[in-house]
Engineer: 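Can you keep this structure in mind? I'll have questions shortly.
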Amino acid sequence: MSAVLSFGERTLELDQPRIMGILNVTPDSFSDGGRFFDREAAAAHAQELVAAGADILDVGGESTRPGAVEVPLQEELDRVIPVIEAVSELGVPISVDTRKAAVMRAAAAAGAAMINDVSALEHDPEAEATVAELGMPVCLMHMQGTPETMQDNPRYRDVVAEVRTYLAERARQCAAAGIDPANLLLDPGIGFGKTVAHNLALLHHLENLADLNYPLVVGTSRKSLAGKLLNREVEQRVFGDAAVIGWLVSHGADVVRVHDVAAARDVVRMTQALATARIPQ
Ligand code: 7PJ
């Protein structure tokens, strides 16, 4: 689909696949969060991501990896807010990866222009109203269970139909809560309460989600999909991930959420050139 996302004065046309670069500010990534050194390191990394071609930066201070426990509000604020302040002038919209309404609000005040919620605004009872009031684009992601336990025993009768129905229903409920449908993006939540077989089914049938007619975000970067399928450690998943990105952008994904922006940029350009028989701008 070809939509346009509005970020206040700025817009981002989804006439070609866009790249969301991941900027983690969790202690289990490259940062301890909040302190001056980490802010500098995060800002430097953000600059690299933008130079490599990121269209959006996604700043997250709460790990939602399998087994991760919830981060207290103040700690999450201390991690993400200084970083958002430091990177909001780089010229690309900043998205905040959070499940907490108070973080959404503070992030918006610090310069964030988009919300990315792995609980599809279901974790915090204030989240829907907060996003409606902020009037910003929001990514609603599917997850079965919670990060702490989601990989214990994920089960579906028909994973594609269930994820599709869930996302359509959440989009309807969010619109009913006052969120402009033009601000909604959907995401199947690869790895969130899903086995490798579930993830493969969702990716194979991606068009069933793309035809819900909301912009589609997909993140597979460094996840266990390539890890388990190829038996690769995290730092050896770049070719596996590249293959997935090629598949994603030729099957309806509008935004790919990645760590390796430069690699993703090449894959997107190459795939676009092949799909259109034109040299991309
Ligand atoms: C996703 C996310 C994803 C969206 C994370 C990780 C885990 N947000 N946040 N989609 N994954 N929208 O990056 O491995 O797949 S955190």
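Counting convention: from 1, in listed order, for ligands and their atoms alike.
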Engineer: May I ask you to identify the nearest protein heavy atom to atom 14 (O) of ligand 1, giving residue, atom name and distance to one decimal place in Å?
Structural biologist: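 Of the protein heavy atoms, R65 NH2, 3.1 Å lies nearest.
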
Engineer: Could you list which atoms of ligand 1 come closer than 4.0 Å to a heavy atom of C139?
Structural biologist: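 Those of ligand 1 that fall under 4.0 Å from C139 are 12 (N).
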
Engineer: Using a 4.0 Å cut-off to any heavy atom of V118, which atoms of ligand 1 qualify?
Structural biologist: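 Selected atoms, number and element: 2 (C), 8 (N), 9 (N).
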
Engineer: Can you check ring pair (Phe, Tyr, Trp, His ring centres under 6.0 Å) on H142 and F192, steps first, answer last?
Structural biologist: CA-CA 7 Å; H142 175 274; F192 283 83; 9.4 Å; no

Engineer: Do the side chains of D117 and R170 get close enough for a salt bridge, i.e. N-O under 4.0 angstrom?
Structural biologist: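 Salt bridge flag = no for R170 with D117.
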
Engineer: Flag the pair D241 and R232 as a salt bridge only when some basic side-chain nitrogen lies within less than 4.0 angstrom of an acidic carboxylate oxygen.
Structural biologist: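 Not counted as a salt bridge, because no side-chain N and carboxylate O are separated by less than 4.0 Å.
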
Engineer: Going by an N to O cut-off under 4.0 Å, is there a salt bridge joining E76 and R79?
Structural biologist: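 Salt bridge flag = no for R79 with E76.
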
Engineer: Regarding R18 and D254, does a basic nitrogen lie under 4.0 Å from an acidic carboxylate oxygen?
Structural biologist: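 Salt bridge flag = no for D254 with R18.
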
Engineer: What atoms in ligand 1 come closer than 4.0 Å to a heavy atom of T64?
Structural biologist: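 Ligand 1 atoms under the 4.0 Å threshold to T64: 16 (S).
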
Engineer: Pairs of nitrogen or oxygen atoms closer than 3.5 Å, one from S221 and one from ligand 1: do any exist?
Structural biologist: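 Such a contact does not occur with ligand 1.
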
Engineer: So, is D97 polar-close to ligand 1, with some N/O to N/O distance under 3.5 Å?
Structural biologist: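 Yes, since at least one N or O of D97 sits under 3.5 Å from an N or O of ligand 1.
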
Engineer: When you measure from atom 1 (C) of ligand 1 to every protein heavy atom, which one gives the shortest distance, and what is it?
Structural biologist: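 Heavy-atom neighbour on the protein nearest atom 1 (C) of ligand 1: R257 NH1, 3.5 Å.
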
Engineer: State whether K100 and E126 are salt-bridged, where the test is any N-O pair (Lys NZ or Arg NE/NH1/NH2 against Asp/Glu carboxylate O) under 4.0 Å.
Structural biologist: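 No.
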
Engineer: May I ask you to identify the nearest protein heavy atom to atom 7 (C) of ligand 1, giving residue, atom name and distance to one decimal place in Å?
Structural biologist: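 Of every protein heavy atom, F192 CZ, 4.0 Å lies nearest to atom 7 (C) of ligand 1.
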
Engineer: Examine the proximity of ligand 1 to R222 and report which part, side chain or backbone, both or neither, has a heavy atom under 4.0 Å away.
Structural biologist: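 Neither part.
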
Engineer: Can you name the atoms of ligand 1, numbered from 1 with element, that are less than 4.0 Å from a heavy atom of K223?
Structural biologist: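 By the 4.0 Å cutoff, the relevant atoms are 1 (C), 3 (C), 6 (C), 11 (N), 14 (O), 15 (O).
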
Engineer: For the 3.5 Å polar cut-off, considering only N or O atoms, please tell me whether D187 and ligand 1 meet it.
Structural biologist: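 For ligand 1, there is an N or O atom that lies under 3.5 Å from one belonging to D187.
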
Engineer: Would you name the heavy atoms of C174 and L184 that are closest together and state the gap between them?
Structural biologist: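 So the minimum-distance heavy-atom pair works out to CB-CD2, 4.1 Å.
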
Engineer: What I want to find out is whether R105 reaches E133 closely enough, with some N-O distance under 4.0 Å, to be called a salt bridge.
Structural biologist: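 So R105 pairs with E133 through a salt bridge.
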
Engineer: Just to confirm my output: which protein heavy-atom neighbour is closest to atom 8 (N) of ligand 1, and how far is it?
Structural biologist: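 Ranking protein heavy atoms by distance from atom 8 (N) of ligand 1, first comes N116 ND2, 3.0 Å.
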
